[in-house]
Number of protein chains: 2
Amino acid sequence: MTERTADRVMDTAAELFRRKGYAESSMRELAELLGIRKATLYHHVQSKEAILEWLCIESLRRVTADVREVIEREDEPLRPMIERHLLVALADRDMHATMLLESGSLSGERRARVVALRRDYELLVEGVIAAEQREGRLRSDYEARPLTLSLLNLLNWTIFWYEPQGAMSAADVARMLASVYLDGAALPVSARPG
Amino acid sequence: MTERTADRVMDTAAELFRRKGYAESSMRELAELLGIRKATLYHHVQSKEAILEWLCIESLRRVTADVREVIEREDEPLRPMIERHLLVALADRDMHATMLLESGSLSGERRARVVALRRDYELLVEGVIAAEQREGRLRSDYEARPLTLSLLNLLNWTIFWYEPQGAMSAADVARMLASVYLDGAALPVSARPG
DNA sequence: TTGACGCCCGACCGGCCGGTCGGTAGTGTC
DNA sequence: GACACTACCGACCGGCCGGTCGGGCGTCAA
């Protein structure tokens, strides 16, 4: 049952960290949510920071794996890649939020490992952006790097306002953001009313 | 000199909170950065949370005032509004980052006040978006609300990767983001190479 | 000279923090 | 019955936290 318990610890920690913030969450509180004592919690995890590192790495691992699969499968991967990124981020919401907001609380090697994974992922996306520019499907008046970072801004922070029970499904939001990013929010002049 | 000192406290606190996070920053550390003792610091501010509230309110006050002025002056305010928002956010970087990341650490009435200001600002932007939709300059296949939140995502989180000493000036980034949001990142099919 | 005021400080407080320790209870194996 | 292993726990630790208290020191006005 170790595996089950470890998973439960990680899920609960992700929810707690997202709701209260990493520094404001205590191991006592986490133990209480799990229905065990703090000393017992340390039987399952090495330290508080180890939990945070695991959450960061796992969220990046999942989004990287999924997006890489889309890139390898699709001929024109940009739009499906955008949609997949968003669907994964919304599915692993608490974990993803913790990675975005709290990875700065890691220190030393833990921090270095997470920063490296994040950089790898950014470069994966940037590679797609640059390729689409070369093939003339994406505008080239700006560098691939700021275009990539803008896209990731647009996507990543959606988890903080999206409401699963609202009018739009996750797939709806994914389509909308892909369309806004690629096609723009403005109506083309030719399509405007007189 | 009280005014000078209070300003210095707020500037220093904003930089510290952005660099280390609110919960991870201590009043001892802030006092040390200011070259005074902790007890003296409490002569100038009421509490740690009061500092955070002031930073949040002030950053929202500035961006709201500036953007409102643009809206009242311009006939087609959307593009200049986007650019102004970004310039203000980049100018008050530490304060703005603290507001975005740490306002959740406020409690009770302080939190309520900041949340209300944030909501006011969102509604101000949403009003512009909705107006542009009615006038046919903005696509209407999505609601004004998610279009607004997407735009704010795209803009707000830029402060975390923009490098002032880099190749692009703040005005360059502002123009780029306005163009990506309005015109899209894709090349129109008609403009693509054969 | 006196006293009010702004600015400063050392010493201290209770409380919560992450983490450790020694030990117990149950369970399955040989 | 002996052993090993896992899950569990109460009690405890040193350390840092936000915040307070009483008082010192210079300036300036009466």
Side-chain angles (χ1 to χ4, degrees), chain A residues 1-57 98 101-111 114, chain B residues 1-57 98 101-111 114:
Chain A
M1 293 296 146
T2 302
E3 209 173 338
R4 293 278 180 179
T5 304
D7 282 357
R8 230 172 62 92
V9 170
M10 292 305 168
D11 287 350
T12 309
E15 196 276 333
L16 179 62
F17 290 172
R18 186 196 54 78
R19 182 160 43 86
K20 298 195 57 176
Y22 173 72
E24 291 91 342
S25 305
S26 75
M27 293 295 268
R28 280 163 181 83
E29 202 173 354
L30 177 55
E32 199 175 337
L33 287 174
L34 291 163
I36 58 176
R37 308 295 150 177
K38 180 166 64 87
T40 308
L41 177 51
Y42 277 90
H43 179 76
H44 298 283
V45 300
Q46 186 210 335
S47 68
K48 190 187 181 189
E49 213 181 297
I51 298 177
L52 179 56
E53 185 193 4
W54 190 92
L55 291 174
C56 292
I57 288 181
T98 299
L101 293 181
E102 310 288 359
S103 61
S105 295
L106 292 168
S107 58
E109 294 186 18
R110 295 186 198 279
R111 189 202 195 99
V114 171
Chain B
M1 293 296 148
T2 303
E3 210 173 335
R4 293 277 178 183
T5 305
D7 282 357
R8 227 170 65 87
V9 169
M10 292 306 167
D11 287 350
T12 309
E15 195 276 334
L16 178 62
F17 290 173
R18 187 196 54 79
R19 181 159 45 86
K20 297 195 59 176
Y22 173 73
E24 291 92 343
S25 304
S26 74
M27 293 295 267
R28 281 164 179 80
E29 203 173 352
L30 176 55
E32 199 174 336
L33 287 174
L34 290 163
I36 58 177
R37 307 296 149 175
K38 181 165 63 85
T40 307
L41 177 53
Y42 276 90
H43 181 76
H44 297 284
V45 300
Q46 186 209 337
S47 68
K48 190 187 181 189
E49 213 181 296
I51 298 177
L52 179 57
E53 185 194 3
W54 190 92
L55 291 174
C56 292
I57 288 181
T98 299
L101 293 181
E102 310 288 359
S103 61
S105 296
L106 291 168
S107 58
E109 294 187 17
R110 295 185 199 280
R111 189 202 195 100
V114 171

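Protein chains get the first letters and strands the later ones, always in sequence-line order, with residue 1 at the start of each. Every heavy atom of this structure was used, including side-chain atoms; hydrogens, water molecules and symmetry mates were not.
- Here B:Thr12 pairs with nothing under the side chain to side chain donor-acceptor pair (under 3.5 Å) rule; sequence neighbours left out.
- At whole-Å resolution of the value, NZ in A:Lys48 and C1' in C:dG19 are 12 Å apart.
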May I have the list of side-chain donor-acceptor pairs in residues 28-43 of chain A shorter than 3.5 Å, sequence neighbours left out?
residue, atom, partner, partner atom, Å
A:Glu29, OE1, A:Lys20, NZ, 3.1
A:Glu29, OE2, A:Lys20, NZ, 3.1

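- Picking from D:dG19, D:dC9, C:dG18 the nucleotide with the shortest atom distance to the side chain of B:Lys38 gives D:dG19.
- Rounding to the nearest 0.5 Å places CD of B:Glu15 at 9.5 Å from OG1 of B:Thr98.
- Here C:dG22 presents its C1' atom at 15 Å from NE2 of A:His43, a figure rounded to the nearest Å.
- Closest to the A:His44 side chain, of the nucleotides C:dC8, D:dG19, D:dC8, is D:dC8.
- For the pair A:Leu52 CG and C:dG18 P, the computed distance is 13 Å after rounding to whole Å.
- One atom, CG of B:Leu34, and another, P of C:dC9, lie 11 Å apart when rounded to the nearest Å.
- Residues passing the side chain to side chain donor-acceptor pair (under 3.5 Å) test with B:Ser25, sequence neighbours excluded: none.
- Remark: A:Ser105 pairs with A:Tyr22, A:Leu52, A:Glu102, B:Glu24 by the side chain to side chain contact (heavy atoms under 4.5 Å, CB included) rule, at least two apart or across chains.
- Atom-to-atom, CD1 of B:Ile36 to P of D:dC25 comes out at 20 Å; the value is rounded to the nearest Å.
- Partners of A:Gln46 under the side chain to side chain contact (heavy atoms under 4.5 Å, CB included) rule, at least two apart in sequence or in another chain, are A:Ala50, A:Arg110.
- Closest to the A:Thr40 side chain, of the nucleotides D:dT20, C:dG19, D:dC8, is D:dC8.
- For DNA chain D, the residues of residues 14-28 of chain B within the heavy-atom distance limit of 4.0 Å (strictly under) are B:Ser25, B:Ser26, B:Met27, B:Arg28, sorted by number.
- Of the candidate nucleotides C:dC8, D:dC8, C:dG10, C:dG10 has the atom nearest to the side chain of B:Arg37.
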